[in-house]
Structures are given as C-alpha cells and as structure tokens.
Amino acid sequence: MSAKKVSFGTKPKVVKPDVDDWVETRTTASEVPVDKSVEAAEKMKRLTLDIPESLHRAIKGKAVVEGRTMVEMLRELLEDTYG
C-alpha cells in the first residue's frame, strides 16, 4: 500500500469586521426614501426606550388594527411633536 501525501496551505487569516464602522454605514429598508424625488435618506440613529408592558401592548394593538408598524407610528408621533 502506498502512502498518499497531502499538503495543506497556510491557514487563512480571519479578518474581523469593524463593528462601529458597520453601525455607522449600514442602511435598512426603512431608511430608503419612498419618495423618488428625495435623493438620499437622512442618516438614522437608534433610540431605545424602556416602557411598561401595558403601553407596549397598546401601541402594538393599535399598529395591528391600522395595518402599520410600531416604528412607523412612533416616528410619525415624534416627527409631529418635535419635527
């Protein structure tokens, strides 16, 4: 029986992505402008809120009834108030 020699190359280097860079440059479907006349979407920032479960259920329920997302409703509310 003959021995077969197998050679392996060097182990490939794993390049870890820069998470901060990804967060700053990512885009989501919600950031793409619906109006084609808008050239570029404004840069988005994330906001995290702690709210009571009952309030979350109320917002979610209204969103479902209206056929909208919670994000759409809350963005509109914030825009109307602070826009």
Side-chain angles (χ1 to χ4, degrees):
M1 181 184 275
S2 66
K4 184 174 181 180
K5 285 192 168 190
V6 178
S7 62
F8 295 96
T10 59
K11 184 176 178 180
K13 289 185 176 185
V14 176
V15 179
K16 293 184 180 180
D18 182 7
V19 176
D20 292 329
D21 185 48
W22 177 80
V23 169
E24 292 297 321
T25 60
R26 71 188 172 126
T27 57
T28 63
S30 64
E31 294 175 17
V32 177
V34 176
D35 184 357
K36 299 298 183 189
S37 66
V38 177
E39 292 190 21
E42 184 175 350
K43 184 176 177 180
M44 302 296 269
K45 297 300 269 186
R46 184 161 305 275
L47 172 65
T48 303
L49 299 172
D50 294 322
I51 60 173
E53 190 175 327
S54 59
L55 179 57
H56 184 274
R57 275 195 306 271
I59 297 168
K60 183 72 170 180
K62 184 171 173 100
V64 168
V65 168
E66 293 182 8
R68 301 170 64 193
T69 65
M70 291 174 65
V71 169
E72 291 169 343
M73 291 176 53
L74 294 171
R75 281 185 184 146
E76 182 179 305
L77 176 66
L78 291 169
E79 184 69 32
D80 290 346
T81 304
Y82 300 103

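The residues of the chain are indexed from 1 along the displayed sequence.
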K.L.:
Answer with yes or no whether the hydrophobic clustering places L47 together with M44; edges join I, L, V, M, F, W, Y residues whose side-chain heavy atoms lie under 4.5 Å apart.
P.N.:
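No; M44 is not reachable from L47 via cluster members.
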K.L.:
For K62, which residues count as a side chain to side chain donor-acceptor pair (under 3.5 Å) partner, sequence neighbours excluded?
P.N.:
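With sequence neighbours excluded, K62 shows a side chain to side chain donor-acceptor pair (under 3.5 Å) to E66, given in chain and number order.
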K.L.:
Kindly write out the residues that satisfy side-chain contact (heavy atoms from CB on, under 4.5 Å) with A63, not counting sequence neighbours, or none if the list is empty.
P.N.:
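With sequence neighbours excluded, A63 shows a side-chain contact (heavy atoms from CB on, under 4.5 Å) to M70, M73, given in chain and number order.
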K.L.:
Any side-chain heavy-atom pair from L74 and L49 closer than 4.5 angstrom?
P.N.:
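No - every pair of side-chain heavy atoms lies 4.5 Å or more apart.
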K.L.:
Pairs under 3.5 angstrom only: tabulate donor-acceptor contacts from the side chains of residues 76-83 to other protein residues two or more places apart or in another chain.
P.N.:
from	atom 1	to	atom 2	distance (Å)
E76	OE1	R68	NH2	2.8
T81	OG1	L77	O	2.9

K.L.:
Under the side chain to side chain donor-acceptor pair (under 3.5 Å) rule, what pairs show up with a residue in residues 50-60, not counting sequence neighbours?
P.N.:
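Listed by first then second residue: E53-R57.
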